[in-house]
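In this text, all values refer to a predicted model and were calculated from it rather than measured experimentally. Because only heavy atoms are used, hydrogens play no part in the values below, and waters and symmetry mates are left out as well, while side chains stay in.
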Protein chains: 2
Amino acid sequence: MALERPRRADARRNYDRIVAAAENEIAQHGADASLEEIARRAGVGSATLHRHFPSRQSLLEAVFHDRVEALCAQAREMRQSPDTGSALTHWLEAVAVYGATTRGLARSLLGGGRESEPPPDSTCEAMLVDAGGELLSLAVGAGAVRPDVSIIELLTLVNAISLATESGSDPAGEATRLLRLAIEGVRTTTH
Amino acid sequence: MALERPRRADARRNYDRIVAAAENEIAQHGADASLEEIARRAGVGSATLHRHFPSRQSLLEAVFHDRVEALCAQAREMRQSPDTGSALTHWLEAVAVYGATTRGLARSLLGGGRESEPPPDSTCEAMLVDAGGELLSLAVGAGAVRPDVSIIELLTLVNAISLATESGSDPAGEATRLLRLAIEGVRTTTH
DNA sequence: TGCGAAGTGGGGTGGTACTCCGTTTCGATG
DNA sequence: CATCGAAACGGAGTACCACCCCACTTCGCA
């Protein structure tokens, strides 16, 4: 969180252009769209792209930052809800649907999806962990959710579901269905 | 399932070499190991690799066929078990752990993980669907598992979990934990 | 043993990520 | 408003990849 000194105007402009182009390209071709093509569409040299975003992951973070922020805001609102269990599960559903329908988002959140990168520094993931953690502890406090569950686990599960359903015919529907299944449990409730 | 006429001896030999090399390379570098490098290690030209395996997916299928077959055999044995609910969940756990610890397997099963390919023709997935389907219907018949669940959903969930935990520090542990969570459910059982 | 078909692999094409470095542009300063 | 150093740029260069073409080699049947 070191405060960064102001960048030059042209740098800022190019940064924004790249993010905009990336948003388009990723929506069309998924999380591993061509960086070269993104730079081309943004009207900048490939070196400029790589200077602003040293890794693909950092570009993805920039592209999805706003949407993730919106999800976090939604979580903050939901803290008011009297039914903490539903608040948590509805929020998780929202995250799952967002991830399943926004191409590349799930891959971007899942530590890059791939192996490698010692410093993933996933800011987006951290934001969701913070926002969701609060909902979870409320739900656990109210006895609506098993106390031995961590928000990391839940988000991993949600992301896994998004990733798996992203390429299907009805991503939102499949994601919702799978998540509900996981939340309710597979086994019949033993009375 | 058209019966294929016998290939020449050298073709068979190269085929086997490629699969062996791919097994090594995928274990080291994951599901998107370099096909070029695999061909090199196998001592064949890249054209030969592409002739035997027209897509990356088909190579992955060949590499993992035996392991998947083993999982299916295990499912067949477990049909004898008196506790059909446990049989199903234990088998799903086995699949999850296998997928999480064998690099590339989850990606290979998840329709390629990526979009595209009209004819994925995922033989491995079909095998698991058959084998698991029987365990599921037994479990549903015994009332141990919710009747509104399909084996496709369960396997998708398992694969998603494998994929998400594959790159962590303790893939088998994380996969097992997440799967159990999904099977038991997140919410506290409402008495 | 000969010969045709099956199989091979080197080299070509076009794409990618990422870097080097000479050139351009900004913007603070006098 | 002119100057100038630092910041930023971008095209050309490197190294890798998937995939294809086609002249050549090898197999195995008769």
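Side-chain atoms of A/Ser46 lie closest to D/dA12 of the nucleotides C/dG10, C/dG7, D/dA12. Across C/dG9, D/dC9, C/dT8, the shortest atom-to-atom separation from the side chain of B/His52 is found for C/dT8. Across C/dG9, D/dG10, D/dC9, the shortest atom-to-atom separation from the side chain of B/Arg51 is found for C/dG9. For B/Ala11, the side-chain atoms get nearest to C/dG7 when compared with the rest of C/dT19, D/dA18, C/dG7. Of all nucleotides listed (D/dC9, D/dG28, C/dT19), D/dC9 comes nearest to the side chain of A/Asn14. Here the nucleotide nearest the side chain of B/Ala47, chosen from D/dC21, D/dA18, C/dT16, is D/dC21. Among the nucleotides C/dT8, D/dG10, C/dA17, the one closest to any side-chain atom of A/Glu36 is C/dA17.
Residue-level contact check: B/Ala39 touches neither bases nor backbone, having no heavy atom under 4.0 Å from any strand.
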Checking side chain to side chain contact (heavy atoms under 4.5 Å, CB included) for the pair B/Leu35/B/Ile38: CA distance, chi angles, key distance, verdict? CA-CA 5 Å; B/Leu35 300 181; B/Ile38 290 172; 4.3 Å; yes
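Rounded to an integer number of Å, the gap from CG of B/Asp10 to P of C/dG7 is 7 Å. To the nearest angstrom, C1' of D/dA6 lies 17 Å from CZ of A/Arg7. Look at CG on B/Leu60: it is 12 Å from P on D/dA18, rounded to the nearest Å. Remark: P of C/dG11 and CG of B/Leu49 are 18 Å apart, rounded to the nearest angstrom. Note: CZ (A/Arg56) to C1' (C/dA17) measures 9 Å, nearest angstrom. Here the P atom of nucleotide D/dA18 and the CG atom of B/Asp32 are 9 Å apart, to the nearest Å. Taking atom CZ of B/Arg41 as the reference point, atom P of D/dC17 lies 11 Å away to the nearest angstrom. Remark: P of C/dA17 and CZ of A/Phe53 are 15 Å apart, rounded to the nearest angstrom.
Between A/Leu88 and A/Gly132, the closest heavy-atom pair is CD1-O, 4.4 Å. The two residues B/Thr102 and B/Glu166 come nearest to each other via the heavy atoms O-OE2, 3.8 Å. Listed here is the closest heavy atom pair of B/Ala39 and B/Leu49: N-CD1, 3.8 Å.
Side-chain N/O atoms of B/Arg8 and base N/O atoms of C/dA6 include a donor-acceptor pair closer than 3.5 Å.
Within a 6.0 Å radius of CZ in A/Arg41, no more than 12 heavy atoms belonging to other residues, nucleotides or ligands are found.
Annotation: of the two residues near DNA chain C, A/Ala9 and A/Arg40, the 5′-most nearest-nucleotide partner is A/Arg40. With the nearest nucleotide of DNA chain D identified for both B/His50 and B/Arg13, B/His50 has the one nearer the 5' end.
In this model, the phosphate group of D/dA8 is not approached by any side-chain N or O of A/Thr48 to a distance below 4.0 Å at OP1 or OP2. For A/Arg12, no side-chain nitrogen or oxygen approaches OP1 or OP2 of C/dG27 to under 4.0 Å.
The main-chain N or O of A/Thr123 is found under 3.5 Å from a side-chain atom of A/Glu61 such that the two form a donor-acceptor pair.
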